[in-house]
2 protein chains.
Amino acid sequence: MAADHGFIADCRARLAFDLLANTWNAVVVWALRAGPSRPGELRERIGGISPKVLTGTLRRLRFNGLVERRAYAGSPPRVEYTLTGLGLTLLEPVEAFGVRVFEHGEDVMAARERAEAAEHAPG
Amino acid sequence: MAADHGFIADCRARLAFDLLANTWNAVVVWALRAGPSRPGELRERIGGISPKVLTGTLRRLRFNGLVERRAYAGSPPRVEYTLTGLGLTLLEPVEAFGVRVFEHGEDVMAARERAEAAEHAPG
DNA sequence: CAGAATCCTTTACGATACTG
DNA sequence: CAGTATCGTAAAGGATTCTG
């Protein structure tokens, strides 16, 4: 069970990749690589994510043990989110993935244009 | 702009991680690591994915240039899907992620149980 | 400032049946 | 066997407003 990295049958893979199977999960993990961050910082850093969606995403990540929440007493409220050990472990491949997409971003765009052209031409 | 791997602002990250932002995207990429595969093989290998959803996922992956489709003439139909160069490039971090989740799967489960307990206790 | 509440829209997912 | 069509459900995303 610890040595079948070569091949994983059935839907254990789905359980694993569910950790990323949302629009913002990986983005937020990525944004947290800078260290403990407040929600406002995250929203600014990410761009285009609404407060509600960020809250929901952080909740999911906490639920799965990737992220920790720490609240400080006082007013105005101060809250910080941090990657847990597990989150840091998973950050590495996430970051590697992101870097590669950035490196090969033009391949993706080219593929999309080709696909769109192929949709319009024969249709 | 090719050297800011240390920090990516705004929502380019979202564009990147959209490639994984679905339930089955990463799972199918993962399942294709074995080499060219027919849809039936993929369904069997993955488990729990319906034909329609597999088709849709493969379509998305093709659209983004991660996967290639090759159809062979004849009857019954024979179709094979393969990871493109880009797909192979991205497979590595995907696989690394999967492996790590399998290694630390118990952390995830423990976090979920803790989270569920925390929901029920105070509520 | 954090985040809960509300309302709406979109879309992925799932089961099933059907066609070439 | 590959893929489409149809139907229904569930959930995520988005915009906005409000409260401690």
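Reckoned from all heavy atoms, side chains included, excluding hydrogens, waters and symmetry mates. Remember, predicted model here, so these are calculated numbers, not experimental data. Quick note on labels: first sequence line is chain A, next is B, and so on, each numbered from 1.
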TODO: Indicate yes or no: does R78(B) engage E80(B) in a salt bridge with an N to O separation below 4.0 Å.
DONE: yes
Backbone N/O of [Y] and side chain of [X]: donor-acceptor pair under 3.5 Å:
X: R14(B); Y: T23(A); value: no
X: T84(B); Y: L66(B); value: yes
X: N25(B); Y: L19(B); value: yes

TODO: Pick out which of E68(A), R62(A), R70(A), E41(A) makes a side chain to side chain contact (heavy atoms under 4.5 Å, CB included) with Y81(A).
DONE: R62(A)
Open item on the list: Can you give me the closest heavy-atom contact between A115(B) and F63(A), atom names plus distance?
Closed with: CB-CD1, 3.4 Å
Task: L86(A) reachable from M109(B) in the ILVMFWY side-chain graph, under 4.5 Å edges - done: no
Task: Flag side-chain contact, heavy atom, 4.5 Å: L58(A) against R69(A) - done: no
- [ ] Look at the rings of F17(B) and W30(A) and say which category their plane angle falls in: under 30° parallel, 30 to 60° tilted, over 60° perpendicular.
- [x] perpendicular
Task: Phosphate contact (dG14(C) OP1 or OP2) by R14(A) side-chain N/O below 4.0 Å - done: yes
Task: Inter-axis angle, terminal five-pair segments of the helix from dC1(C)-dG20(D) to dG20(C)-dC1(D) [nearest 10°] - done: 40°
Task: Letter per nucleotide, 5' to 3', of nucleotides 1-12 of chain C [B base touched, S only sugar-phosphate touched, - untouched; heavy atoms, 4.0 Å] - done: BSSSBBB----S
Open item on the list: Ignoring hydrogens and geometry beyond distance, is a side-chain donor-acceptor pair present between R45(B) and S37(B) at under 3.5 Å?
Closed with: yes
Open item on the list: What range of DNA chain D does chain A touch, first nucleotide to last, counting atoms under 4.0 Å from its heavy atoms?
Closed with: dA12(D) to dG20(D)
